[in-house]
Amino acid sequence: MENRARNRRFQSSAPNRLSEDIEVIRRAFPQTYVLRPPKTHNLVAIATPEEAVGVDELMQRGRALDDRFGTELSFAELAGQILDRGD
């Protein structure tokens, strides 16, 4: 049987639990990136079943997405906001 990762959304509204919540996500996934989106006070944790990818590679992939979709949100800029890769 093929093992497929499922998309899961975790939301923490209790600031004093944020570190604990991120730690739970890190234990569940091989790789977790924590970033702060531009112009916000939010923290976003992105977890993947894959091994770590460097920030330079993520920014390159982000630029490709920016070129492809042309949205107001810049994926390359988001990649540049990574605060912690958890490795």
- request: Kindly compute the distance separating CD (Gln31) from CD1 (Ile25), expressed to the nearest 0.5 Å.
  value: 12.5 Å

query: Where do Met59 and Ala76 come nearest, in terms of heavy atoms and distance?
result: O-CB, 3.8 Å

message: So, using side chain to side chain contact (heavy atoms under 4.5 Å, CB included) as the criterion, who are the partners of Pro38 when residues are at least two apart?
response: Glu77, Leu78, Gln81

message: Hydrophobic clusters here meaning ILVMFWY residues chained together by side-chain heavy-atom distances under 4.5 Å, can you tell me if Ile46 and Phe29 are in one?
response: no

statement: In this structure, CG of Leu65 is separated from CD of Gln60 (nearest 0.5 Å) by 11.0 Å

query: Can you check whether His41's main-chain N or O pairs, donor with acceptor, with Arg36's side chain at less than 3.5 Å?
result: yes

- prompt: Is Tyr33 reaching over with its side chain to a backbone N or O of Ala79, donor-acceptor style, under 3.5 angstrom?
  reply: no

query: Are Leu83 and Leu18 connected in the hydrophobic side-chain network, where two residues link if heavy atoms are under 4.5 Å apart?
result: yes

- prompt: Between Leu35 and Ile82, which heavy-atom pair has the shortest distance, and what is it?
  reply: CB-CA, 3.7 Å

query: For Ala64, which residues count as a side chain to side chain contact (heavy atoms under 4.5 Å, CB included) partner, sequence neighbours excluded?
result: none

query: Does any non-hydrogen side-chain atom of Val44 lie less than 4.5 Å from one of Pro37?
result: yes

message: Under the rule for side chain to side chain contact (heavy atoms under 4.5 Å, CB included), what residues qualify as partners of Arg68, not counting sequence neighbours?
response: none

- request: Return each pair, listed once, that meets salt bridge (Lys or Arg N to Asp or Glu O under 4.0 Å) where at least one residue sits in residues 45-62; pairs must be two or more places apart or across chains.
  value: Glu57-Arg61

message: Ser74: which residues meet the side chain to side chain donor-acceptor pair (under 3.5 Å) condition with it, sequence neighbours left out?
response: Asp66

